[in-house]
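In what follows, chains are A, B, ... by sequence order, proteins preceding strands, each numbered from 1.
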Amino acid sequence: MASMLEGSGLGLLKGMAMTFRHLFRRRITTQYPEQKLTLSKRFRGYTLVWDKERCTGCATCAKSCPQGNIEIVTSKGTENDYVVEKFQLDSGRCIFCGLCVESCPYDALFLGMEYERSSYRRGDLVLSRDKLLFTPDKQRSAYARPKLEPGLPRQTLLIEGDTGSKKR
Amino acid sequence: MESMSSLSTDMELKTEPFVLNMGPQHPSTHGVFRMRVLLDGEVVVDLEPIFGYLHRGIEKLAETRTYTQVIPLTDRLLYLSSMACNHAYVRSVEKLAGIHVPERGEYIRVIMDELMRISSHLMAVGFFLNDLGCSVYTPLLYMYREREKILDMFEMVCGQRLTYNYMRVGGVSGDVPEEFMPVLKRFVAEMPHFIAEYEQLLAENEILLARTKGVGVLPRELAINASASGPVLRASGVKWDIRKADPYSVYDRFDFEVPIGQVGDNYDRYRVRIMEMHQSLRILEQAMRQFPAGEACAKLPQLLRPAVGEAYGRVETPQGEMGFYVVSDNSIAPYRMHIRPPALLNLTALKDMVVGWKVADVIATFGSIDIAMGEVDR
Amino acid sequence: MTKALIGQEVAKQIGERVPQSVVEVSQSWILVRPEAVLQVAQFLKNTPGLDFDYLTCLTGADYLDYLEVVYILTSMKHNHSIVLKARCTREKPEVPSVVEVWRGADYQEREAYDLLGIRFVGHPNLKRLFLWEGFQGHPLRRDYL
Amino acid sequence: MSSIAKVLNWGRHYSTWPFGSGLACCAMEMVATASSRFDITRFGMDVFRASPRQADLFIVSGTLTWKMAPAVKMLYDQMAEPKWVIAMGACAISGGTFAHSYSVVPGVNRIIPVDVYVPGCPPRPEALIYGVMMLHKKIDKRKFRQQD
Amino acid sequence: MDWWPLGNFWAHFAVFALAIIVFVLLMVMVFIWFERRAFGPFQMRWGPNRASPWGALQPVADAIKVLLKEDIVPAVADKWVHFIAPVVGFLPVLLIFAVVPFHDGHGLIPDMSIGILYVVAISALSVVGVFMAGWSSGNKYSLLGGMRVIAQMVSYEVPLVLSIISVVLVAGSLSMNEIVAAQEIPFFVLMPLGFLIFLIAAMAEINRGPFDLLEADSEIVAGFHIEYSGMKFAMFYLAEYGHALAMSAVAATLFFGGWRGPGDEYIGFLWFLLKVFFIFFLLIWARVTFPRLRVDHLMGFGWKFLFPLALMNVFVVAAEMIVWGEIDGGMPWWIVFINLPAALVLIYLWSRLFRFGGGRVGVNA
């Protein structure tokens, strides 16, 4: 039967029936500014979070960065340690691969969860020490830090028909 | 008689061919590809592809980076199937350094590869339909819906949607989270239904059949001779899939088939992709069942120093055979890294496929090859 | 599983048909004289039992003293592979083109010419592939900065 | 600001037609932004114009190479005033991970003026939409006889 | 009631001309909004919804923006032709509405005795503007688009006219108003094949849906209007949707009984609008679903499929008219039961004979 009707426009009608069915389906759109997706727990956000207390200034992160994007300057401290004078990330060049976070031996570096980081000026994308500094209100990603994973909200999944939550 | 014949040749309508520059910025060159097409009316007389508008020097950059730092670069090759590129690279480095990957790591890689294959084929078919002229992108948007579901899963394991940087030499960067497996199970269960829907939309569509059947034929011999690979080679009737021919990872443990086409036209290439999605789902199902416990990554020093030597590791990416030829000089960075580009070589025979067809067929044929400029130009 | 042929065995066969072409042999690869590449390629492709109908990968590498061209060949019929190499000097980086044997070599040879400066003699259209005309130097050479 | 300018800016705000130009990886996320899940059409940007003449917004999505640079400059010049540029992703902003390469333009702002920088590699669709909303804010402040 | 100007022809002319221009401009905006919103549910998204509630002012924003954009004339363009082309493209669209009856006997000249002939003649003019645009831009893509549109127009005018002839046969008049008056049974029920042919040919005529070869985004970038910006581009945009509106209106008049409908006689205009929207929805639906035809398929489809079918349709209808045309009291319902199966059988049989495909041309490079 199918072969007999092949080429007689039935395929076109089938296609139209398929698109017509979609008229009655739920829209999957996340209305972004009002409605937001909860990101993955391991989300690699477009900033770093740097824990000053834990950092020893070993610069492993700077060495592991593929494009040498982390600038870290240390000086000899009072005791047998180093003081980090400058810790700077050019987020306009960073590709957020997470290698720095993975390589940090003291768990002092985290990826952030932020992505709303556009700017009008190129210079604003260079994040200095203060902007990267860890404060309790900053959300840290659990990428390469599995300990943080339980504390983070569940990711929004499209497969569950979820289109994100209104206003965090 | 002589005067008659000369008269008739004079009467023939002479048309003058003209050169049309398609690209580097053209809506359907999938990036910045340029074709210099010689047209006679709408008929293609000659075609010369011009590459390099996205040549980023990845091979040179790789020489200045450690073995781990190269992985983010490989993400940006075939950006529609980054996981597979990661896999190709780490496989060649593992071959070079003689590293054994834990079983769980291998399974995770296979799952990621197959998800990537589904996602990439969805995009290939979607953009192909776009090139055929679905003017408001409906099939593409439907396929994007399924792709988003896969991207959700990728985001879950590695936190990114496009450039995953997930695989590491010796395994993967992090074990899959607990919630991953249920989602995958649900996806594998639901996906055949959606593929059936695409079939309904596309498989019998007369316009699609007319536009694709017999168009852009790549004969079997030429396909082999021109080093085509992946769906392009298989659509021409060659049963050659590296997952079967040269099984890597744990692919020898799965039961799946290699779909092939008969003619090697645009329609076959599209069919092969649809059928491969089914096979990928089969592999995923088996991988879920066999999924072992254990470590996801081997314990390795942070800086690799493979012994002097060279290795060529290859995997079957959704676009075809991708290989990395890596030469080591016992330093922390590869001495030389060459990428065997599947899409660039699939384009070798583009001219033979389109000469004599219309402008619209150039676009369609080009779309059916499914390239990503990041890897064509590197 | 693709079988990697033993270099010595294949080299022996090559030596019979194309004498004095093989320079060095190892377990996994065969190094041939650059002038003999085309004959060897034809031999490898057309000999029954070898049937290397598929050029998997063609690339080059700069080892400062010499430039090396690497051909990774596969036979789809027998599912085996071999690596063929040829070395040329930096002063006269010339290797015969194998486009007439495998068309898949077309873009790969152009790429090697573009990035490494190896001239493939007999290539129908040996132009820069990626970089533009007028680009100075060949970036993948080790001394290019 | 005069009320004429307000009306004009309102029109431009809600009808910023992007130019359907994709350079590299980021183009995929740009298409994802236009796809059903993120649906940039809600902002009136549903017409991805194929011709630069009819576009208002040039989203430079991906790595710009020196070989491509003249073409991008030309496309920008072909766009009709008023026009805006978003540099999407690390490669467009600064060359990103390819910044040291011999063939990559380290930052698209060396070729054409950029209005909004959206970091990320590639930026999530939401991040791009956020960048677009920042551009909208910029458009809203435009003066009537502004030349840029 | 001397002040009421409708008695005076010129006053009537002025009022209705203005009304039609306003109507067309407004409806085009509504159509643009309707289409963009309609894509939403088809594609599981929302469509424009930021500019005022439901994005209702979206077309207004588009208009404001596009009118104040820079106007670029390429250096190689033929300046005068480039300038006039949008006007030539848009004007015929407006003119079509002169004979469309919006309500019983209301319109500019709804009972023009050659109404439908006028529609066919005028609507074909629009293509001249498109070709002028394609040619004068001095761009190869636009030239290709322009050439395509001429071929398309020539091929699809024939089945369009033939399907209209079947309507005229049944109605017994060329006047639009009388055609509506003749539709005791809407003609799309009576002549499903005629309606189908008309719809497809009209789709090709207005260059939408699967027939949008002249601006084929994926092939020839933006086709004929690739070099147009600002206000001139807006004119083409307007012409495209205006033409869609015109063809929907003509289809509603010819096949759906125009202003006829149950209910109070004063709501005839609303019925008309509803039918116009329904037909436009069909156009959107086709556009959402189908890939584009190739240029030689388009010609083949027009000449080898639609043209013979339209001819046969005319024969069938004419035969029915000869046999039953004398019956008083309008058309008998049971003709439907002949025409519908006849349509299906004809389509099926002809699709057996007609095959797409091929298209490779031997070239010696």
Among [options], which residue forms the greatest number of heavy-atom pairs with chain A at distances under 4.5 Å?
| options | answer |
| --- | --- |
| D:Ala87, D:Cys121, D:Ser94 | D:Ser94 |
| D:Thr97, D:Val118, D:Ile129, D:Val116 | D:Thr97 |
| D:Pro125, D:Gly131, D:Gly120 | D:Gly120 |

Starting at [atom1] of [X], measure out to [atom2] of [Y] and round the result to the nearest 0.5 Å.
| X | Y | atom1 | atom2 | answer |
| --- | --- | --- | --- | --- |
| D:Met133 | A:Glu116 | CE | CD | 7.0 Å |
| A:Tyr32 | D:Leu128 | OH | CG | 10.5 Å |
| D:Arg124 | A:Leu39 | CZ | CG | 4.5 Å |

Item to check | Under 4.5 Å from any heavy atom of chain D - which part of A:Leu125 | outcome: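 Contact with chain D is through the side chain of A:Leu125 alone.
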
Checklist entry - Given that the side chain runs from C-beta out, which part of A:Arg121 has a heavy atom under 4.5 Å from chain D: side chain, backbone, both or neither? => result backbone

At their closest point, which heavy atom of [X] faces which heavy atom of [Y], and how far apart are they?
| X | Y | value |
| --- | --- | --- |
| A:Tyr120 | D:Met134 | OH-O, 2.7 Å |
| D:Ala90 | A:Ile95 | CB-CG2, 4.4 Å |
| A:Thr29 | D:Arg42 | CG2-NE, 3.8 Å |
| D:Arg37 | A:Thr156 | NH2-O, 4.1 Å |
| A:Ser118 | D:Ala127 | OG-O, 3.9 Å |

Checklist entry - Pick from A:Glu114, A:Arg27, A:Gln67: which one has the most heavy-atom pairs with chain D under 4.5 Å? => result A:Gln67

Item to check | D:Phe43 side chain near A:Pro33 side chain, heavy-atom distance below 4.5 Å | outcome: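 Heavy-atom side-chain distance check passes, below 4.5 Å.
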
Checklist entry - Just wondering, do A:Leu37 and D:Phe38 contact through their side chains at under 4.5 Å, heavy atoms? => result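 SC-SC contact between D:Phe38 and A:Leu37 confirmed.
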
Item to check | Over 12 foreign heavy atoms within 6.0 Å of NZ, A:Lys14 | outcome: no

Next on the checklist: With a sphere of 6.0 Å drawn around NZ of A:Lys52, does it hold more than 12 non-hydrogen atoms of other residues, nucleotides or ligands?
Outcome noted: no

